[in-house]
Amino acid sequence: MSKIETPRPIRGTQDMHGEQAERFHHVVHTFDRVRRLYGFGRIEVPVFEPTAVFSRSLGETTDVVSKEMYSFEDRGGESLTLRPEFTAGIARAYLTEGWQQFAPMKVATHGPLFRYERPQKGRFRQFHQLDAEVIGAPEPAADIELLCFADQLLHELGVADGVTLQLNTLGDTETRDAWRTALVAHFTRHEGDLSAESRDRLAKNPLRILDSKEAQDRPIADSAPDIDAFMSADAGKFFETVTKGLDAAGVKWTRMARLVRGLDYYRHTAFEFVTERLGSQGTVLGGGRYDGLIEALGGSHTPAVGWAAGIERLAMLIDAPAIEPLDVAIIPMGEAAERAAYGLLANLRRAGLKSEMGWRGNMKKRMQRAAAAGARFAVILGDEELAQGVAMVKDMTTGEQHPVAMDVLVDAVSPR
RNA sequence: GCGAUCGUAGUUCAACUGGUUAGAGCACCGGUUUGUGGUACCGGAAGUUGCGGGUUCAAGUCCCGUCGAUCGCCCCA
C-alpha cells in the first residue's frame, strides 16, 4: 500500500492554535470593543467581488492589479477577485446598497484579505485586517475621530509605546498636482543620480521616490520640495484643523513630510502607525483620506477617510494574553461517577463557571491535567462519594479537600 | 518577480574536516503510588535527516533541481 501524501497548506497561509490564536482573537476582541466606544457600526461585506471593483478603484498602479491580486474566472466566465483590501468593497456596497442614506457613515469590519506576495515577517498571502471607515464626510472631524480611535486601540492593546504616528497631508487636488509637478521636475533634474528603481518610479509613481530605501536616493529625496510650499489655503487649513484636533485629544503625532500614498485617489490626511520592532514590515496601522475613490467606482463625489491595521502584526506586538484558568476540573472514577459528572458539569457551566471533565487516564493523570489547566478546584467523584451524595472538593491552591453535598457544589466552588 | 540564509522525532536543538546502529531537553504514553496534582526517579513510543536526482567505497554533511521557511529587495491598496 503506497502512502497517501498529505496535501500541504498553501504558501503564505497560516494555521493558528494556542497562544497565536489567542493573540489574534485578543486583537479582534479589543477592536470590537473600542469600535463601539466611537460609534462605528459593524458591517459585513463579501470576501470576493467582481474584479472591476478593485481594478477600477486601484486605477493605474499596474503592479498591484496585474501581479498581486488573486483573480480567477468563475464557471460563468466572470472575473472575480479575492479582496486584497476592504476599502473598495465597502465603497461598492455603499453605492449598491443605498448606504448613502446613512452618511456620514461610520463603519468597521475585520476579516481575511488576499494578496499574491512573497511571504515574509508579518506578511502573508492570506492575512487579516481590522478596518474602520467614515464615508460621506468631508469634515476634518472624521479624520480626527479615526485617528483617536486608532490611537486608543493601540493603547488598549498595550503596543502604543513602541509605535509612533507619522502624519502627513497630500493636500487637495490643486495642491497635490502642483507638488507632484514640482517633484517630477526635481527628480528629473537629478535623474542620473537616482537608483534604477527610482528612475522607474519617476515614470510610474514619482511620489514613491520620497520614501525610497536606497541610500543613493536619500539626498535627492531629502532635498526635494515639501508639499507645504504648494499648499492651498483650504488644504492648509484642513491639515491644521486635524493636527490641532489631535493635540486637543492628546494624541501624539510626528510630521512625516516624506510619507506618501501609492494611489492617486488619496487627498489630505495620510498616516501610518509604525514600529521598529517588526523589521521592514513595520507599519501596524495605516490609512488616509480617499476623496476620489467613490467617483472611480461610478458614484457621485463622496469624501471618505479610513484606516486598516494588520491583525497578525498587532498580534506579534502585544503581550501574550493571560490564559483563563479553569474554575473546576471534575475527576470521575468509574462509569456511574462519570454519568453523575455530566449533571454536575452542566450545573457548573450554566452557573458561568469554566469547567471541564477528565475523560481518560488514571486519577494521577487527571490530577496532573487539572493542575496543568490551572484549575482552582478539582472535584473528585467515585463510588464512595456517590453512595453518600457528595463530591470530594479539593482546593488546588491549598491542597485541602473536603466532601460537599452535590446539590450545593456550585456554591462551594463559586468565587466569593 | 529578484537576492541571501536555512530545512534532522510532535517541538526546540545536537551529530568534528563525508566514516559504525542519527542523539538530547520539553511534550506524549506507562511505571515507582489498584482513588490524589504542581517535585523526583525508572522505562516506552516517536525520524525514508522536506522531496527528487547526482558525486563517492561511504552522504544528515558535498553538487544540481524542486518545495517550503526565514530575512531583505520590488510592491505595499
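Numbers restart at 1 for each chain; the letters A, B, ... are given by sequence-line order, proteins then strands.
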> Quantified in whole Å, what is the P atom distance between nucleotide rA59(B) and nucleotide rC51(B)?
Replying inline: 15 Å
> When you compare rC64(B) with rG7(B), how far apart are their P atoms, in angstrom units rounded to a whole number?
Replying inline: 15 Å
> Can you tell me if CZ on F48(A) sees more than 12 non-hydrogen neighbours from other groups inside 6.0 Å?
Replying inline: no
> When the P atoms of rG19(B) and rG60(B) are considered, how many whole Å apart are they?
Replying inline: 10 Å
> Which nucleotide, in any strand shown, forms a Watson-Crick or G-U wobble pair with rU20(B), with both distances under 3.5 Å?
Replying inline: none
>> Under a 3.5 Å cut-off for both contacts, is rU66(B) paired Watson-Crick or G-U wobble with anything, and if yes, with which nucleotide?
In response: rG50(B)
> What does rG38(B) pair with, Watson-Crick or G-U, if both distances are under 3.5 Å?
Replying inline: none
> OP1, OP2 of rA69(B) versus side-chain N and O of R11(A): anything below 4.0 Å?
Replying inline: yes
>> So Y290(A), base contact, sugar-phosphate only, or nothing? Heavy-atom distance under 4.0 Å.
In response: nothing
> Distance between the P atoms of rC28(B) and rG10(B), in whole angstroms?
Replying inline: 15 Å
> When you measure from the centre of the six-membered ring of Y116(A), is the NZ or CZ of R125(A) under 6.0 Å away and within 45° of the axis?
Replying inline: yes
> In whole angstroms, how far is the C1' atom of rG68(B) from the CD1 atom of I10(A)?
Replying inline: 14 Å
> Roughly how many Å is it from CE in M316(A) to C1' in rU70(B), rounded to a whole number?
Replying inline: 12 Å
> Between rG30(B) and rG35(B), how far is it from one P atom to the other, in whole Å?
Replying inline: 12 Å
Between the protein and nucleotides 73-75 of chain B, are there any N/O to N/O pairs under 3.5 Å, and if so, what are the atom names and distances?
residue, atom, partner, partner atom, Å
rC73(B), OP1, K213(A), NZ, 3.3
rC73(B), OP2, S280(A), OG, 3.1
rC74(B), OP1, R201(A), NH2, 3.1
rC74(B), N4, R123(A), NH1, 2.6
rC75(B), OP1, R201(A), NE, 3.1
rC75(B), OP2, R201(A), NE, 3.3
rC75(B), OP2, R201(A), NH2, 2.4
rC75(B), O2, E117(A), OE2, 3.2
rC75(B), O2, R123(A), NH2, 2.8
rC75(B), N3, R123(A), NH2, 2.8

> Heavy-atom count around D74(A) CG within 6.0 Å, excluding the residue itself: above 12?
Replying inline: yes
>> Could you tell me how far apart R92(A) (CZ) and rA77(B) (C1') are, to the nearest whole angstrom?
In response: 17 Å
> Can you check the F271(A) CZ to rA77(B) P distance for me, whole Å?
Replying inline: 12 Å
> When we call it a touch if two heavy atoms are under 4.0 Å apart, what does G122(A) touch: a base, just sugar-phosphate, or nothing?
Replying inline: nothing
>> Could you walk me through whether L165(A) and K252(A) satisfy the side-chain contact (heavy atoms from CB on, under 4.5 Å) test, starting with their C-alpha distance in whole Å, then the side-chain angles of each, then the deciding distance to 0.1 Å, before giving a yes or no?
In response: CA-CA 7 Å; L165(A) 165 55; K252(A) 291 203 179 62; over 6 Å; no
> Is there a Watson-Crick or G-U wobble partner for rG44(B) with both distances under 3.5 Å, and which nucleotide is it?
Replying inline: rC28(B)
> On a whole-Å scale, what distance lies between the P atoms belonging to rG47(B) and rA22(B)?
Replying inline: 12 Å
>> Going by purine N1 to pyrimidine N3 plus the second Watson-Crick contact, or the G-U wobble pair, all under 3.5 Å, which nucleotide sits opposite rG72(B)?
In response: rC2(B)
> Counting only Watson-Crick or G-U wobble pairs whose two distances fall under 3.5 Å, which nucleotide matches rU61(B)?
Replying inline: none
>> Expressed as a whole number of angstroms, how long is the span from H17(A):NE2 to rA27(B):C1'?
In response: 12 Å
> Mind checking who rU56(B) pairs with, Watson-Crick or G-U wobble, both distances under 3.5 Å?
Replying inline: none
> Reading nucleotides 29-38 of chain B from the 5' end, what letters show protein touch, with B for base, S for backbone sugar-phosphate only, - for no heavy atom under 4.0 Å?
Replying inline: SSSB--BBBB
> If you count the non-hydrogen atoms of other residues, nucleotides and ligands that lie under 6.0 Å from CG in N362(A), is the total more than 12?
Replying inline: yes
> Which heavy-atom pair separates R218(A) from S212(A) by the least distance, and what is that distance?
Replying inline: NH1-O, 2.8 Å
> CD of Q20(A): more than 12 outside heavy atoms within 6.0 angstrom?
Replying inline: yes
>> Looking at R199(A), I'd like to know if its CZ atom is crowded, meaning that more than 12 non-hydrogen atoms belonging to other residues, nucleotides or ligands lie closer than 6.0 Å.
In response: yes
>> Does H301(A), at its NE2 atom, have more than 12 non-hydrogen atoms belonging to other residues, nucleotides or ligands within less than 6.0 Å?
In response: yes
>> Could you check whether the side chain of R261(A) and the base of rA77(B) have a donor-acceptor pair of N or O atoms closer than 3.5 Å, going by distance alone?
In response: no
> What interatomic distance, in whole Å, is found between P of rG65(B) and the corresponding atom of rG72(B)?
Replying inline: 25 Å
> Roughly, in whole Å, what's the span from NZ in K121(A) to C1' in rU70(B)?
Replying inline: 9 Å
> Are R35(A) and F40(A) in a cation-pi contact, defined as NZ or CZ under 6.0 Å from the six-membered ring centre and within 45° of the axis?
Replying inline: no
> How close or far is atom P of rA77(B) from atom CG of D264(A), stated in whole angstroms?
Replying inline: 12 Å
> Could you state the OH-P distance from Y265(A) to rC76(B), rounded to the nearest angstrom?
Replying inline: 11 Å
> On a whole-Å scale, what distance lies between the P atoms belonging to rU17(B) and rA4(B)?
Replying inline: 24 Å
> side chain to side chain donor-acceptor pair (under 3.5 Å) between E73(A) and S79(A): does it pass, once the steps are laid out?
Replying inline: CA-CA 4 Å; E73(A) 282 191 5; S79(A) 178; over 6 Å; no
